[in-house]
Amino acid sequence: MNLKNIFSGCALLTLVLLGSPVAFAQGGPHGPGREKLESARIALITERLNLDPETAQKFWPVYNQINEEERSLRRKEMQMRRSLAPDQLSNAEAEDQLDTYFQLKEDFLALEKRAAEAYQDVLTPKQVLQLFKAEADFHRMVLQKMGERRRRGSP
């Protein structure tokens, strides 16, 4: 077994153990569980993209900025969904809500395009695709872990 395989196994184990939704729930959205989840995400992305220290130093500030913009859009989307009461809206108000909904979707797509361009200032196009895949895999793994815990009756 070579060093890369060992590191990959350790990164995945760290992801599963530290990135569990229980750790997130125990620490709240900004507590120690969140930090563990973010550490696991960073480890997975660094490993998948095979980032050297110089590239990582350029990449992470760009990634963090894009990630903050995405969180901001998600907060707007959540606020909209929470305040939505379709049965209490007039047709004109409902039309405005639909416009807002589709504008948010367009904003998400525009951000994704800007992100891909910004990442290509630091990464190769292949690495950008690997990043998108790593992020999707990370989300899928976290959701899968949450499902397993719910089925077992764990918090």
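- Of all non-hydrogen atoms in Ala134 and Leu44, the two that sit nearest each other are O-CD2, 3.6 Å.
- In this structure, Ile45 is a member of the same hydrophobic cluster as Ile42, with clusters built from ILVMFWY side-chain heavy atoms closer than 4.5 Å.
- Summarising the geometry, atom CG belonging to Leu109 is positioned 10.5 Å from atom CZ belonging to Arg114; distances are rounded to the nearest 0.5 Å.
- At a threshold of 4.5 Å between side-chain heavy atoms, the hydrophobic network of Ile, Leu, Val, Met, Phe, Trp and Tyr places Phe108 and Tyr63 in one connected group.
- To the nearest 0.5 Å, the span separating CD on Glu68 from CG on Asn64 amounts to 9.0 Å.
- In this structure, Glu112 has no salt bridge (charged side-chain N to carboxylate O under 4.0 Å, His left out) partners at least two apart in sequence or on a different chain.
- Chaining together hydrophobic side chains whose heavy atoms lie under 4.5 Å apart places Leu89 alongside Leu84.
- In this structure, Gln127 contributes its side chain and Leu49 its backbone to a donor-acceptor pair below 3.5 Å.
- Residues passing the side-chain hydrogen bond (donor to acceptor under 3.5 Å, both in side chains) test with Arg82, sequence neighbours excluded: none.
- Taken to the nearest 0.5 Å, the CD1 atom of Ile66 stands 10.0 Å off from the CD atom of Glu117.
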Exercise for review: For side-chain contact (heavy atoms from CB on, under 4.5 Å), just list the numbers for Leu73 and Leu111, CA-CA rounded to whole Å, side-chain angles, deciding distance to a tenth of an Å, and then say yes or no.
Suggested key: CA-CA 9 Å; Leu73 283 175; Leu111 177 60; 3.9 Å; yes
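- Applying the ring-ring contact (aromatic ring centres under 6.0 Å, His included) criterion to Tyr119, with sequence neighbours excluded, gives Phe59.
- Side-chain contact between Met80 and Glu77 is absent, with no heavy atoms from C-beta onward closer than 4.5 Å.
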Practice item. Run the numbers on Thr55 and Asn50 for side-chain contact (heavy atoms from CB on, under 4.5 Å), then give the verdict. Key: CA-CA 10 Å; Thr55 304; Asn50 197 23; over 6 Å; no
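- Remark: Lys133 pairs with Asp137 by the side-chain hydrogen bond (donor to acceptor under 3.5 Å, both in side chains) rule, at least two apart or across chains.
- With contacts defined as side-chain heavy-atom distances shorter than 4.5 Å, the pair Phe132/Glu135 qualifies.
- We find that Glu70 and Arg74 are joined by a salt bridge, their nearest charged nitrogen and carboxylate oxygen being less than 4.0 Å apart.
- A 6.0 Å sphere centred on CD of Gln120 holds more than 12 heavy atoms belonging to other residues, nucleotides or ligands.
- Across Pro61 and Ala56, no two heavy atoms sit closer than the pair CD-O, 4.3 Å.
- Pairs passing the side chain to side chain donor-acceptor pair (under 3.5 Å) check and including a residue from residues 94-105, sequence neighbours excluded, read Gln103-Asp107.
- With rounding to the nearest 0.5 angstrom, the CD atom of Glu38 is 6.5 Å from the CG atom of Asn67.
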